[in-house]
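Please read the structure below before turning to the comments.
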Amino acid sequence: MLEDLYQELILDHSKSPRNFGEIEDANRKAEGYNPLCGDRIRVYVKLDGETLEKVNFDGKGCAICTASASLMTEGLKGKTVTESEALFCRFHSLMTGCEQGGQVKIELGKLEVLEGVKNYPIRVKCATLPWHTFQAALSEREEPTTTE
Ligand code: ZN
């Protein structure tokens, strides 16, 4: 199972995650927890008007969670809030297999490497935790986000 999941790019991102660490001047942040796996991460966002100038994360997650967070921060950087919602929508569709209609057309890019995760329902929560946490940061929810 792990060999199927842990493709090269996922492994690379889990071993050396991009955009890892707190953003000092972040104006949005949130914490996310996945009790099924024990993933616990924080997402930091530096929002400049409607543009996501920087998106970082830190904390401790499994390989899938860390790789997903790393790929997410790369994919989100420089996007607008509207584009980030479209990207989340596409990613969620990829993970759950159900197509969601979005207003904005957007390419998943590298995030597509996580498609294999959908075959392992328990791992889907690891992969989507960073996204739910990012959304919580954007909407400035105070209480920690969980996948439950
Ligand atoms: Zn996990």
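Order of listing sets the numbers, starting from 1, for every ligand and every atom in it.
- No hydrogens or angles considered: a donor-acceptor pair under 3.5 Å links the side chains of Tyr44 and Asp58.
- For the pair Lys110/Leu9, a side-chain contact is recorded, criterion being any heavy-atom separation below 4.5 Å from C-beta on.
- Between Asp39 and Lys60 there is no salt bridge, since no side-chain nitrogen of the basic residue lies less than 4.0 Å from a carboxylate oxygen of the acidic one.
- Considering only heavy atoms from C-beta on, Phe134 comes within 4.5 Å of Leu52 through its side chain.
- With respect to the salt-bridge test (charged N to carboxylate O, under 4.0 angstrom), the residues Lys77 and Glu74 do not qualify.
- Residues Ile23 and Leu138 do not share a hydrophobic cluster, defined by chaining ILVMFWY side chains whose heavy atoms lie under 4.5 Å apart.
- Around the Zn ion (ligand 1), protein N, O or S atoms at a distance under 2.8 Å total 5; waters are neither shown nor counted.
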